[in-house]
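FYI, side chains are in, hydrogens and waters are out, and symmetry mates aren't considered; it's all heavy atoms of this structure. Residue numbers begin at 1 in each chain, while the letters A, B, ... track the order of the sequences.
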Amino acid sequence: MNAPEAVKPQTAPQPGPPLWLLAELTYRCPLHCVFCYNPVDFAHTPDELSTADWLRVLREARAAGSVQCGFSGGEPLLRDDLEVLVAEAHRLGFYTNLLTSGVGLTDSRAKALKDAGLDHIQLSFQDSTKELNDFLSHTRTFDLKQKVAATIKDHGWPMVMNCVIHRLNIDYIDRIIDMAVELGAEYLELANSQYYSWAMLNRDQLLPSREQIERAERVTNERRQRYGERIRIFFVVPDYHENRPKKCMNGWGNVFLTVTPDGTALPCHTARMLPGLAFPNVRERDVRSIWYDSEGFNRYRGDGWMKDPCRSCPEKEKDLGGCRCQAFMLTGDPAAADPVCDKSPSHHKVVEAVARAERGEAAVVERPLVFRGPEESRRRKAGLLLPDA
Amino acid sequence: MNETATIGVDATPRVSKRFRLQWEEAQQAWVLLYPEGMVRLNQSAGEILRRCDGVRSVGEVVADLEQAFATTGLEADVIAFLELARKQQWIDL
């Protein structure tokens, strides 16, 4: 008998099912994270989908083969129909994940979510930098996380903690790991910030130096040794410091389907920024037709859309040219090679950003961090999202 | 049972609580689901794991498989797979 095989992503234009459905229920959020990947113009988003709309999306996606369902946002606990949606997802056979800051996860809501069949909670550290000192001093944040962590454990959920890492907190990674262990997390994701949306606005202030990253990896390995089986720690390196791009979303329209609060269906959280591409809306089309037949999902599938240097690159199947959003943000052309790649003619833009981080220039530039919030968002339109790249 | 010992025919494996085993019509495959992830099992792995209910012994699982697929001599393959499954923490013994 053969060993089982893990999911193999396909690169052919005829994709498999949308295995991962990310339901972004709302852009509303009590936090103001400077690295948030929600669009910076989120406050211009029209009405949120209704409960009935979401129930239909869940049924259609499940029928099309989706099996993992993430309820995300914004803060999904701000939707008071969350329990109804989780219950339906569970009934349909989804594995249900809640991605939350924990704000609003009271005992009674936790119980209701458990009864609805929620399988897993990913708890993020609400390190919004405004609260950095508080966060690092284990005071208010720690109290909240401790309470929420206890609630998660009491209900028998596996506990996955997630912390976005950046220049301002990366030197405290030992404390972050210790905190996760103290709270009883089984898994910890230390995810270096990726530079989209709010994080892109703040890129120069958030991008760590190479030295910081190397130290953080060293400290993480030491902590892995110390804690052994007690906790599994994932350290996601930032792609700006690499020479080859990431295989973004495991391939465009290959596994992931994101539905935004207003019903727009996207191949990734940030794809709406791409010009000249209309994305379908679940209010108008069903999920199967969106996944297989829409221009938005077909445009960058496979490798037929590529230009050189990607088109003739022997590694093109490995990374599929990297990230379309990053290519657009840094070159203005969404079909260009991701400039993280050192074969990209625009690679110098990434190198220069990293060099600024090495010199620590952002630390002395008097440019305030932009905190995510509705007022800031209303001042911004989609066309004004790019920093000086 | 010792963690490193070979799995015997009397062991009664069950799918770990960390995972959920289910049939996926769209993939025509058994899958193991866990927080934000999935392992797609090939037919052999799926047929073995769906029989690991914590009640049936490895010997009974082998006999059942041999009957279901009209074959013999599966024991070594089944045990080899279960060793792998234990290493991946897919099963508890």
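Using a 4.5 Å heavy-atom threshold, the side chains of A:P158 and B:Y34 count as separate. Using a 4.5 Å heavy-atom cutoff, the side chains of A:V67 and B:Q22 are in contact.
With a 4.5 Å cut-off on non-hydrogen atoms, A:W157 does not touch chain B at all.
For the pair B:P35 and A:V160, the tightest heavy-atom approach, listed with the atom from each and the gap, is CB-CG2, 4.3 Å. When every heavy atom of B:E36 is checked against every heavy atom of A:Q122, the shortest pair comes out as OE2-NE2, 2.9 Å. Scanning both residues, B:E24 and A:G65, for their nearest heavy atoms gives OE1-O, 4.3 Å.
B:Q43 CD: 12 or fewer foreign heavy atoms inside a 6.0 Å radius. A 6.0 Å sphere centred on CD of B:Q28 holds more than 12 heavy atoms belonging to other residues, nucleotides or ligands. Shown here is A:R224, whose CZ atom has more than 12 heavy atoms of other residues, nucleotides or ligands within 6.0 Å.
Inspection of non-hydrogen atoms places A:Y187, A:E189 of residues 184-192 of chain A under 4.5 Å from chain B.
A:R62 has no carboxylate O lying under 4.0 Å from a charged side-chain N of B:E25, or vice versa, which leaves the two without a salt bridge.
Distance check, rounded to the nearest 0.5 Å: CD of A:E229 to CD of B:Q89 gives 6.5 Å.
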